[in-house]
Structures are given as structure tokens and as C-alpha cells.
Amino acid sequence: MATTTESIDAGVAGKKKHLGIPEAVFVEDVDSFMKQPGNDTADAVLRRLDEQYQKYKYMELNLAQKKLRLKSQIPQIKQTLEILRHMQKKKDTTEPMETRFLLADNVHCKALVPPTDKVCLWLGANVMLEYDIDEAQSLLEKNLATASRNLDSLEEDLNFLRDQFTTTEVNMARVYNWDVKRRSKDNLSKIAEKS
């Protein structure tokens with residue numbers, strides 16, 4: 001008995017939660033599924049499955065937007081880290097660093113930046129903080145690791161969601177086909193009764 005409980009616990013622990021995405025249950029036996037309470041008609045079941053499918057579509061849209069945001073954020077963090085590493089090398093010299101910065105879209109300005117050990121980082125929501133170069137570098141490395149981990153997790157969730165699409169579509173087709181067969185049987189029995 002103990003080994004059975006352990007194997008069940010291991011199976012549950014092995015399953016990953018996918019951001020609260022409900023798992024679509026595959027309908028093996030449509031006849032017994034349609035006899036369950038709440039499954040009065042095929043139309044009602046198909047409506048419920050279609051509603052579930054639409055919820056999955058909405059979740060996919062949100063996850064895809066998050067994925068795009070992360071994919072644009074990761075290169076920006078890498079570029080900022082590269083600039084910080086360059087500034088780290090130049091901070092012990094006495095000569096100013098020549099650079100160009102963005103004033104407006106497609107408008108850049110040349111500037112001479114004296115050696116410094118401080119940088120300002122945009123944190124978002126119109127917030128900028130000043131950091132030592134080392135602190136900024138460790139913060140950005142942590143942010144890069146978090147963003148990469150989140151992107152991997154999002155990929156897994158999107159794959160899981162695609163599986164739920166497929167399962168829901170197959171369930172809808174099976175229920176629809178079951179209803180077509182039931183209707184044809186009913187029509188054949190009505191024809192047989194009339195003759």
C-alpha cells in the first residue's frame with residue numbers, strides 16, 4: 001500500500017502546473033460521457049467544449065504577448081550588460097569615453113562621458129535609479145536569468161496549451177460524430193416503425 005501511495009505522489013509531483021491552465025480531459029467513451037449528469041444534449045456539450053476552446057485561445061493570446069515582450073526585453077538587457085562591461089573597463093582611465101546617444105527617433109547626439117563608477121538604470125514605470133557599476137551589472141545579470149527562465153516556462157506553457165487545443169478539438173469531433181450516429185439511428189428506427 002505504501003508503494004502505491006508513493007508512486008501516486010511521485011506522479012503528481014512530476015506533473016508541472018501550467019499557470020493555472022485547466023487540463024482538457026480526453027473523452028474515451030462518448031456513450032458513457034454523454035450519460036453523465038449535465039450532458040443532456042450534444043449541443044449543450046458542444047457549446048461547453050467550444051467555450052473551453054475559446055478560453056484556451058484567449059490564454060494563448062496572452063501568453064504569446066508575454067513571449068513577445070520577453071523576447072524584446074532579453075536583447076535589451078544583454079546590450080545594457082555589454083555597455084556596462086565596457087564602462088567597467090574604462091572607469092580606471094582618465095580619458096573620457098566618446099559615445100552617441102539617442103535624442104529622438106533617428107536623431108543621435110555625440111557626447112564625451114568622463115570615467116565614472118555610477119550608472120542610472122530605467123526600472124520601468126518612469127523610474128530611474130543610480131547604481132554602482134558592479135551593482136547594476138549584478139542586477140541586470142539577475143534580470144537576464146529571470147527573463148530567460150520565464151521565457152522557457154512560457155514556451156512549456158504554450159506547448160501544453162497546444163495539447164489542450166488538440167484534445168478539445170478531438171473531443172468536439174467525437175461528440176459531434178456521436179450525435180450524427182445517434183440521429184441516423186433515430187431516423188432509421190422512425191422509418192422502420194412507419195413501415
ILVMFWY cluster, L49 and F26 together (side-chain gap under 4.5 Å): no
Trace of the side chain to side chain contact (heavy atoms under 4.5 Å, CB included) decision for L161 with L63: CA-CA 10 Å; L161 201 54; L63 291 177; 4.0 Å; yes
N-O pairing of D186 and R182 below 4.0 Å: yes
Short N-O contact, R183 and D179, less than 4.0 angstrom: yes
Gap separating the CZ atom of F165 from the CZ atom of F160, nearest 0.5 angstrom: 11.5 Å
Verify same cluster id: L68, L154 (apolar side-chain graph, 4.5 Å): no
Residue K78 excluded, over 12 heavy atoms near NZ under 6.0 Å: no
Salt-bridge present (E51, K55; N to O < 4.0 Å): yes
Flag, side chain of N39 to backbone of F33, donor-acceptor distance under 3.5 Å: yes
Backbone N/O of L144 and side chain of S148: donor-acceptor pair under 3.5 Å: yes
Closest non-hydrogen atom pair between P96 and P115, with its separation: CA-CD, 4.3 Å
Atom pair OG1 (T146) and CD (Q73), whose distance is rounded to the nearest 0.5 Å: 10.0 Å
Donor-acceptor pair, side chain of R174 and main chain of V30, under 3.5 angstrom: no
hydrophobic_cluster_shared for V175 and V170, side chain cutoff 4.5 Å: no
Heavy-atom neighbours of Q36 CD exceed 12 at 6.0 Å: yes
Evaluation steps, side chain to side chain contact (heavy atoms under 4.5 Å, CB included), between V119 and E130: CA-CA 6 Å; V119 293; E130 185 177 294; over 6 Å; no
Y58 OH: over 12 foreign heavy atoms closer than 6.0 Å: no
Full working for side-chain hydrogen bond (donor to acceptor under 3.5 Å, both in side chains) between D134 and Q88: CA-CA 8 Å; D134 296 331; Q88 185 86 352; 2.8 Å; yes
Considering all heavy atoms, the nearest I133-T116 contact: CD1-O, 3.4 Å
Verdict with supporting geometry, L140 and L121, side chain to side chain contact (heavy atoms under 4.5 Å, CB included): CA-CA 9 Å; L140 287 172; L121 295 179; 4.2 Å; yes
W122 side, atom CH2; T80 side, atom OG1 - distance, nearest 0.5 Å: 13.0 Å
F101 side chain reached by H108 side chain, heavy atoms, under 4.5 Å: no
ILVMFWY network linking V25 to L46, side-chain heavy atoms under 4.5 angstrom: no
Student check: side-chain heavy atoms of K91 and M87 closer than 4.5 Å: no
Row check, Y131 ring normal vs K118 NZ/CZ: under 6.0 Å, within 45°: no
Backbone N/O of L112 and side chain of E98: donor-acceptor pair under 3.5 Å: no
Reported CD-to-CG distance for the pair Q52 and N171, which is rounded to 0.5 angstrom: 8.0 Å
K142 with E135: basic N within carboxylate O range, under 4.0 Å: no
Over 12 foreign heavy atoms within 6.0 Å of CD, Q65: yes
Inter-residue atom distance L139.CG - I77.CD1, 0.5 Å rounding: 9.0 Å
Nearest heavy atoms of C120 and M128, plus distance in Å: CB-SD, 3.5 Å
V27-V180 co-clustered via ILVMFWY side chain contacts under 4.5 Å: yes
pair L81-E141: side-chain heavy atoms closer than 4.5 Å: yes
Spacing of CG belonging to N159 relative to CD belonging to Q164, to within rounding of 0.5 Å: 11.0 Å
Donor-acceptor pair, side chain of R85 and main chain of Q137, under 3.5 angstrom: no
Smallest separation among heavy atoms of T167 and A24, with atom names: CG2-O, 3.7 Å
Minimum-distance pair of heavy atoms, taken over all atoms of Y56 and P22: OH-O, 2.6 Å
